[in-house]
A.B. asks: 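Structure incoming, see below.
Values below: every heavy atom of this structure, side chains too, minus hydrogens, waters and symmetry copies. Remember, it's a predicted structure, so these values are computed and weren't measured experimentally.
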Amino acid sequence: MQRKFDDGTVTVLEFFKLFNIDFVIHTPRQSVLPGRLLSDADRTPMDVLKDRHINRPKQMVYETNVLNLTEKVEGLKERMQDLNKPLQIINRALWEEMSNSSEKELKSFGAKLKERNALFRKMSKAQSHEMKGELYSDLVQANLEEQQRFRGTIEEADGMIKSLDDCIHELETELAAVEEKGSEDTPSLKSRQEEMQKVTEALADSDRQISELEMQEKQNSNKLDRLKAETRNLENCVTVLHMVNEWKFGEKSDNCATYTFLHETFHLELVFEKLNA
């Protein structure tokens, strides 16, 4: 090691290891996901509200914090690359002083360096706690702002619901008035219903009368057919009587009447007696 001090090739990392001082950048702890993620089909409206008004604002705060930490870590990584560079390039004055120091002076410097390292670690932990406090404060502030926005949304929705209820009530009142009394240009729904009822009853009565007339017409038709049959029967009877009757009336004048007999082979003339005035 003394040879490296002499030729100037000792690195910053080797210099710190000489005093048992190391530098570690801790890997950030990964967030633990829930055991079972809900699918879109299993998500309830309450799950959607929780994601929108609780989980999403928290996620935005964490994303902003991660970006800030990532910038700081990237800056520290660039400084960590200096550990592999020679000490004389990073701090030539310190390299010259350490090269010309005795063993006792090196031990004294190492003890002070350890004390300073312990102090830096404590300051780092305190700064880490402060950063956590800022993170939690940002989470609380985001939660309060989201609560305020959510309350405003609820109040706006309540106002809309109240306005809709008022509109519905007014419409129901107007509809009831129209049904009861009607408007200036149109009769009421109740009067229209009454008129419709009267028209329906009149149509039903007309249908009944038409049915009765059709039945009466059918009865008259049957009666006419029966009378026609009886007439034909009587005509047949008269024809038969004419055939079997020997005397037939022939002619008639003011003073006599003529009858025929045996198919007009004999004629009988009756002279009426003159009445005295």
Side-chain angles (χ1 to χ4, degrees), residues 1-39 50-150:
M1 182 62 66
Q2 187 63 39
R3 182 177 58 83
K4 287 189 174 184
F5 265 112
D6 294 338
D7 59 18
T9 58
V10 62
T11 62
V12 177
L13 181 61
E14 291 173 341
F15 176 74
F16 282 124
K17 283 186 176 180
L18 181 63
F19 302 104
N20 295 323
I21 297 175
D22 58 350
F23 294 89
V24 178
I25 297 179
H26 296 283
T27 303
R29 180 175 60 87
Q30 298 295 327
S31 300
V32 179
L33 294 175
R36 185 175 70 90
L37 295 176
L38 296 176
S39 63
K50 286 182 179 179
D51 289 340
R52 182 181 302 171
H53 300 288
I54 297 177
N55 297 333
R56 182 56 186 165
K58 289 172 60 178
Q59 182 180 355
M60 293 177 64
V61 173
Y62 280 123
E63 288 176 353
T64 303
N65 183 259
V66 167
L67 290 176
N68 295 333
L69 291 178
T70 301
E71 292 179 359
K72 292 181 180 180
V73 169
E74 292 298 327
L76 291 176
K77 285 182 178 180
E78 292 180 0
R79 296 298 304 272
M80 288 289 291
Q81 295 177 0
D82 293 341
L83 293 175
N84 296 320
K85 295 180 181 180
L87 179 61
Q88 65 170 343
I89 296 177
I90 302 301
N91 193 335
R92 187 175 183 83
L94 178 62
W95 169 72
E96 292 177 351
E97 183 178 355
M98 291 297 102
S99 298
N100 299 323
S101 298
S102 62
E103 183 176 355
K104 183 179 180 181
E105 290 174 341
L106 287 175
K107 290 182 178 180
S108 176
F109 178 80
K112 293 180 180 179
L113 188 61
K114 287 181 179 179
E115 292 178 359
R116 183 63 61 87
N117 183 49
L119 177 62
F120 285 158
R121 287 182 179 273
K122 291 180 181 179
M123 292 175 61
S124 177
K125 289 182 179 180
Q127 186 178 7
S128 176
H129 288 302
E130 290 178 359
M131 293 172 64
K132 288 182 180 179
E134 293 177 358
L135 174 62
Y136 295 149
S137 176
D138 292 340
L139 290 172
V140 172
Q141 182 64 28
N143 188 20
L144 292 176
E145 292 176 356
E146 189 62 31
Q147 285 183 8
Q148 188 66 26
R149 283 194 294 268
F150 189 53

A.B. asks: Can you name the salt bridge (charged side-chain N to carboxylate O under 4.0 Å, His left out) partners of E96, sequence neighbours left out?
C.D. replies: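 In terms of salt bridge (charged side-chain N to carboxylate O under 4.0 Å, His left out), with neighbours along the sequence ignored, E96 is linked to R92.
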A.B. asks: Excluding sequence neighbours, so at least two apart, what forms side-chain contact (heavy atoms from CB on, under 4.5 Å) with F109?
C.D. replies: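 Here the qualifying residues are F15, F19, L94, M98, L113.
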A.B. asks: Go through the structure and list residues passing side-chain contact (heavy atoms from CB on, under 4.5 Å) with N143, not counting sequence neighbours.
C.D. replies: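 For N143 the side-chain contact (heavy atoms from CB on, under 4.5 Å) partners, ignoring immediate neighbours, are Q147.
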A.B. asks: Donor-acceptor pairs are to be reported for all side-chain atoms of residues 56-73 against protein atoms at under 3.5 Å, with residues two or more places apart or in another chain.
C.D. replies:
from : atom 1 : to  : atom 2 : distance (Å)
R56  : NH1    : Q59 : OE1    : 3.4
Q59  : NE2    : E63 : OE2    : 3.1
T64  : OG1    : M60 : O      : 3.0
N68  : ND2    : T64 : O      : 3.3
T70  : OG1    : V66 : O      : 2.6

A.B. asks: Output all residues satisfying salt bridge (charged side-chain N to carboxylate O under 4.0 Å, His left out) with K107, sequence neighbours left out; order by chain, then residue number.
C.D. replies: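 Partners of K107 under the salt bridge (charged side-chain N to carboxylate O under 4.0 Å, His left out) test: E103.
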A.B. asks: Taking distance alone, no hydrogens or angles, what donor-acceptor pairs closer than 3.5 Å link side-chain atoms of residues 125-139 to residues at least two apart or in another chain?
C.D. replies:
none

A.B. asks: Just jot down the side-chain contact (heavy atoms from CB on, under 4.5 Å) partners of K114, sequence neighbours excluded, or say none.
C.D. replies: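 If we apply the side-chain contact (heavy atoms from CB on, under 4.5 Å) test to K114, skipping adjacent residues, the hits are N20, I21.
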A.B. asks: Check side chain to side chain donor-acceptor pair (under 3.5 Å) between K85 and all other residues, then give those that pass, not counting sequence neighbours.
C.D. replies: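 K85: side chain to side chain donor-acceptor pair (under 3.5 Å) contacts with D82.
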A.B. asks: Name all residues meeting the side chain to side chain donor-acceptor pair (under 3.5 Å) criterion together with E97; count only those two or more places apart in sequence or in a different chain, and write none if there are none.
C.D. replies: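 In terms of side chain to side chain donor-acceptor pair (under 3.5 Å), with neighbours along the sequence ignored, E97 is linked to no residue.
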A.B. asks: Among all residues two or more places apart in sequence or in another chain, which pass the salt bridge (charged side-chain N to carboxylate O under 4.0 Å, His left out) test with R149?
C.D. replies: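 If we apply the salt bridge (charged side-chain N to carboxylate O under 4.0 Å, His left out) test to R149, skipping adjacent residues, the hits are E146.
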